[in-house]
Amino acid sequence: YFLELNPRLQVEHPVTEMITRVNLPAAQLQVAMGIPLHHIPDVRELYGHNRFSDGASKIDFDTTKREKSYGHCIAVRITAENAEAGFKPTSGGIQELNFRSTPNVWGYF
């Protein structure tokens, strides 16, 4: 069941992309172009099918198990709030921000 339906990508969509290896903007565009989900290479691979097959084999999304997630991913936001003023937004300078990115650990802003 869904509590909310949002037909747009959220700012946190890279989290989903990291653990599923599905390019969400590309998949959305392909769906908008009328391409069935079972023809989209990333989706086929997510469900254990050959990504480059002719797409003739449909995927029963209700019964086909998805491949396991690839690792873990966490998204965080850094905000500046004044706790003494009811957590209202406040300004200030960032003194240092250091991302030690690797192929499996990365940061962006």
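Bear in mind that the values here come from a model prediction, so they are computed numbers and not experimental data. Sequence positions, counted from 1, serve as the residue numbers for this chain.
- Hydrophobic cluster membership is shared by Leu37 and Leu9, with clusters built from Ile, Leu, Val, Met, Phe, Trp and Tyr side chains linked at under 4.5 angstrom.
- There is a path of hydrophobic side-chain contacts, each under 4.5 Å, that joins Val43 to Val31.
- With sequence neighbours excluded, no residue forms a side chain to side chain donor-acceptor pair (under 3.5 Å) with Ser91.
- At a threshold of 4.5 Å between non-hydrogen side-chain atoms, the residues Arg44 and Ser57 count as touching.
- The closest side-chain heavy-atom distance from Gln28 to Pro25 is not below 4.5 Å.
- By the side chain to side chain donor-acceptor pair (under 3.5 Å) test, Asp60 is found to be paired with Thr63, residues two or more places apart in sequence or in another chain being considered.
- For the residue pair Arg66 and Thr20, no side-chain donor N or O sits within less than 3.5 Å of a side-chain acceptor on the partner.
- Applying the side chain to side chain donor-acceptor pair (under 3.5 Å) test to Thr16 and every residue at least two apart in sequence or in another chain returns nothing.
- Partners of Phe61 by ring-ring contact (aromatic ring centres under 6.0 Å, His included), not counting sequence neighbours, listed by chain and number: Tyr47.
- Between Ile59 and His49 the shortest side-chain heavy-atom distance falls below 4.5 Å.
- Although no hydrogens or angles enter the test, the distance criterion places a donor-acceptor pair under 3.5 Å between the side chain of His13 and the main chain of Gln10.
- With sequence neighbours left out, Arg51 forms a salt bridge (charged side-chain N to carboxylate O under 4.0 Å, His left out) with Asp42, Glu45.
- Distance CZ/Arg21 to OH/Tyr70: 5.0 Å, rounded to 0.5 Å.
- Two residues are said to be in side-chain contact when any heavy atoms from C-beta on lie closer than 4.5 Å; Glu17 and Val22 fail this criterion.
- Judged as a side chain to side chain donor-acceptor pair (under 3.5 Å), and not counting sequence neighbours, Glu81 has no contacts.
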